[in-house]
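Atoms considered below: every heavy atom in the structure, side chains included; atoms not considered: hydrogens, waters and symmetry mates. Every chain is numbered from 1, with letters handed out A, B, ... down the list of sequences.
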There are 2 protein chains.
Amino acid sequence: MSIFSKLSFKDKTFKLREQAVLDATTTLLASKGFDLMTMDDVAGEVGISKPSLYKHFKSKEDLATEVMIQLLDDALTYLDGQEPTLTSRERLENLLEWALRKRLEGGLPFLPSGSPHVREILTKSLRYLTRAYKLHKQLGQIVDSAKEAGELRTDLPTDVILFSYYSRTCDPAVDYMQLYGHYSADAIVRHMLTITFEGIAGSARS
Amino acid sequence: MSIFSKLSFKDKTFKLREQAVLDATTTLLASKGFDLMTMDDVAGEVGISKPSLYKHFKSKEDLATEVMIQLLDDALTYLDGQEPTLTSRERLENLLEWALRKRLEGGLPFLPSGSPHVREILTKSLRYLTRAYKLHKQLGQIVDSAKEAGELRTDLPTDVILFSYYSRTCDPAVDYMQLYGHYSADAIVRHMLTITFEGIAGSARS
DNA sequence: GTCTATATGGGGATAGAC
DNA sequence: GTCTATCCCCATATAGAC
């Protein structure tokens, strides 16, 4: 018997609505960005009034933070559920593919780092930072394993590899491929993986 | 005798002030982003009043657009001034290094593409688009030459390589290396070039 | 052309009725 | 808890005096 089933009907609908708000916010953040997204947009998208929105989330910043926290939780869950038989490099490739496909379906990249504003907001949330740190630590271990296995360059510091890896999830190249290049989701994912791991020169030079 | 010297003293100071406005805007755009930058910020930074600002630029969008146009002009000038003895790959490396160093000194990345808002503004400016297209076309030729010379992968479409290349100039990884990794400008440039051309796996795998 | 002072509008947040 | 109606700040943009 789950905790959820203990809730009254009213509480259930409240929770469901809350998730609808989070989903709508995710879509809006992905399309318009934080600064251009208005609380009216969110309320309108969900079909509720603005004051109702504020019963769930005390501010716009709070709402956006919750969305990002949920995203990091999803990423951590994905990492946790990966087959233990995978190599470290495969684990990194799979997670990146997961993030890119999510984004191509209208979702958010973790780290909407492009925006200094959003970054500032997120760094004020301890709950967000805890998860970001946890993810960073786990990925750091995977990168180190990959280095030992000869699957990643050893002449790049681990944190540099990680910063670059995160950045690929919010790479504007994805938008351009989709918007101007009309590439399929599969093609975009394939190209992004090549670019991330092998670079634009890659084997051509060796 | 330059055109400039024909201007009256008043016109000269007007032009000089205009450049000061553009410089201040560049710095502010780089640090705060378009949405958070206010016209009061710009006026205050330059030491003039807001109405004076509007004598130079008819709107905030116009101001930002001019800054971006100037940046593209600088890039085109840099490309034009490159030694003809350089290989195509070297030309790409040098331009990327030029852009990264400019950014590390507080300048703007061409394409502040992170922001959907700015992208929308820029696509409304014919003068901007003309320059962007010119740069895109020139770089496309260089990439094709590099492919023929075996300096770049041939299994990636040229436009994909270009989209990825542009994205490196505004890569958040640069911010993270600077902010959290405390890497020197030289180290950041070196790592970014490696990541761009050789990827994070690169030769480790071959 | 430069300023002080102000108009205008949008959007985050809330009061108060039901 | 939900809504309608409203507050109010802030930032873009301008009016009008000098």
For the atom pair CG (A:Leu92) and CD (A:Gln82), what is the distance rounded to the nearest 0.5 Å?
8.0 Å

When you compare the side chains of B:Ser164 and B:Ser167, does any donor N or O come within less than 3.5 Å of an acceptor on the partner?
no

Which whole-number value in Å describes the distance from A:Leu53 CG to D:dT4 P?
14 Å

Any side-chain heavy-atom pair of A:Val174 and B:Phe163 under 4.5 Å:
no

Can you check the B:Lys50 NZ to D:dT14 C1' distance for me, whole Å?
10 Å

How many whole angstroms separate atom CD1 of B:Ile121 from atom C1' of D:dT12?
13 Å

Contact span of DNA chain C against chain A, any nucleotide atom under 4.0 Å from a heavy atom, 5' to 3', runs C:dG11 to C:dA15

I want to check something: taking the side chain as every heavy atom from C-beta on, are B:Leu129 and B:Lys124 in contact at a cut-off of under 4.5 Å?
no

Test item: A:Lys147 and A:Glu151 side chains (from C-beta on) under 4.5 Å apart, heavy atoms:
no

Close side-chain approach of A:Glu66 to A:Asp62, heavy-atom, < 4.5 Å
yes

Approximate separation, where rounding is to 0.5 Å, of B:Leu108 CG and B:Thr27 OG1:
8.5 Å

Assign B:Lys55 to base, sugar-phosphate, or nothing according to its heavy-atom contacts below 4.0 angstrom with the strands shown.
base

Inter-residue atom distance A:Asp35.CG - B:Phe34.CZ, 0.5 Å rounding
10.5 Å

Close residues, residues 30-41 of chain A, relative to DNA chain C [heavy-atom separation under 4.0 Å]
A:Met37, A:Thr38, A:Met39

